[in-house]
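Heavy-atom basis, side chains included; hydrogens, waters and symmetry copies ignored.
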Amino acid sequence: QLVDRDRIRTSIPTGEFELAGVPVTVSGVRVKSGDPYVVSAVLSSPERLDSSHVEELKQIITRDSGHAVILEAQFSMRR
């Protein structure tokens with residue numbers, strides 16, 4: 001389980017990148033064991049974020065880690 005959690009954690013893009021054409025910073029990432037694993041993160045952007053951004057990040061994590069996950073996201077607006 002520890003190896004899988006590390007694999008999931010390293011598959012999560014951090015820092016600033018684009019999700020659905022919007023600049024997003026991902027921080028505060030935590031991975032909890034479970035079936036499926038639960039990933040918590042804070043998504044920060046100067047633009048309004050919605051569920052499509054969460055879904056795109058979830059797909060990236062699932063694709064890159066090879067594990068299904070539940071993604072719990074908090075939104076933070078930067079101005």
- Item | Nearest heavy atoms of Pro23 and Pro46, plus distance in Å | O-CD, 3.9 Å
- Message: Determine whether Arg63 and Ser11 satisfy the following criterion, side-chain hydrogen bond (donor to acceptor under 3.5 Å, both in side chains), listing intermediate values before the conclusion.
- Response: CA-CA 9 Å; Arg63 180 195 68 213; Ser11 72; over 6 Å; no
- Note on the structure: In this structure, CZ of Arg7 is separated from CG of Asp64 (nearest 0.5 Å) by 12.0 Å
- Please say whether more than 12 non-hydrogen atoms of neighbouring residues, nucleotides or ligands are located less than 6.0 Å from CZ in Arg48. no
- Pair listing, ring pair (Phe, Tyr, Trp, His ring centres under 6.0 Å) test, anchored in residues 4-33, at least two apart: none
- Message: Could you go through Val22 and Leu49, starting from their C-alpha distance and side-chain angles, then the distance that decides it, and tell me whether this counts as side chain to side chain contact (heavy atoms under 4.5 Å, CB included)?
- Response: CA-CA 8 Å; Val22 174; Leu49 299 173; 4.0 Å; yes
- To the nearest 0.5 angstrom, please state how far the NZ atom of Lys32 sits from the CD1 atom of Ile70. 10.0 Å
- Message: Would Ser44 and Met77 count as a side chain to side chain contact (heavy atoms under 4.5 Å, CB included) here? Give the steps.
- Response: CA-CA 6 Å; Ser44 180; Met77 184 170 280; over 6 Å; no
- Can you list every ring pair (Phe, Tyr, Trp, His ring centres under 6.0 Å) pair that touches residues 50-79, not counting sequence neighbours? Tyr37-His67
- Query: Just how far is it from atom CD1 of Ile60 to atom OG of Ser65, taken to the nearest 0.5 Å?
  - Reply: 11.5 Å
- Message: Quick one: does any side-chain atom of Glu16 pair with a main-chain N or O of Thr25 as donor and acceptor, under 3.5 Å?
- Response: no
- Note on the structure: In this structure, CZ of Arg30 is separated from CZ of Arg9 (nearest 0.5 Å) by 10.0 Å
- Query: If you group Ile, Leu, Val, Met, Phe, Trp and Tyr by side-chain heavy-atom gaps below 4.5 Å, do Ile12 and Val24 land in one group?
  - Reply: yes
- First locate atom CG of Leu43, then atom CG of Leu57, and finally report the distance between them rounded to the nearest 0.5 Å. 5.5 Å
- Interatomic distance, Ser51 atom OG to Lys58 atom NZ [nearest 0.5 angstrom]: 11.5 Å
- Task: Using the rule that two of Ile, Leu, Val, Met, Phe, Trp, Tyr join whenever any of their side-chain heavy atoms come within less than 4.5 Å, decide whether Val38 and Ile8 are in one cluster.
- Result: no
